[in-house]
Amino acid sequence: MGVIIKESKTDTLAQTLKALNKLAKKKQTSKAKSLAEFYGKLPGAFGDGLTYQKQMRNEW
C-alpha cells in the first residue's frame, strides 16, 4: 500500500513536516496483522489437526 503526499512549490517546510507527521501517526495507529496472528487458524479447512496429520502421513 503506497501513500502519495502531494507538495506544491508554495508549500512551506512546516506544511510538509505536518503532512509527514500525520502519515507517521496514521502508520503507528494502523493495526497491521502479522503472520503469527493467523498461525494455525484455518477453521474447517482440514478439520482436526491431528487427524489431518495422520492422514497425510499414512499416504506415504
Side-chain angles (χ1 to χ4, degrees):
M1 178 172 107
V3 177
I4 297 173
I5 297 176
K6 293 186 179 182
E7 185 177 17
S8 68
K9 291 181 181 181
T10 59
D11 284 349
T12 63
L13 178 61
Q15 290 172 328
T16 304
L17 291 176
K18 184 178 176 182
L20 290 172
N21 286 334
K22 185 177 177 182
L23 177 65
K25 285 181 184 177
K26 183 178 178 183
K27 196 167 193 173
Q28 288 175 354
T29 59
S30 68
K31 295 186 177 185
K33 297 191 179 210
S34 66
L35 183 61
E37 293 179 29
F38 296 103
Y39 184 73
K41 294 183 180 179
L42 290 176
F46 302 107
D48 181 41
L50 185 59
T51 307
Y52 176 73
Q53 286 181 18
K54 286 181 180 179
Q55 289 173 352
M56 292 283 92
R57 291 180 181 156
N58 286 337
E59 288 182 3
W60 294 351

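Only this structure's heavy atoms are used, side chains among them; waters, hydrogens and symmetry mates stay out.
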Rounded to the nearest 0.5 Å, what separation is found between the [atom1] atom of [X] and the [atom2] atom of [Y]?
X   : Y   : atom1 : atom2 : result
L17 : D11 : CG    : CG    : 11.0 Å
E7  : T12 : CD    : OG1   : 9.0 Å
M56 : T51 : CE    : OG1   : 12.0 Å

- Flag the pair R57 / Q53 as yes when at least one side-chain heavy-atom distance between them is below 4.5 Å, and no otherwise. yes
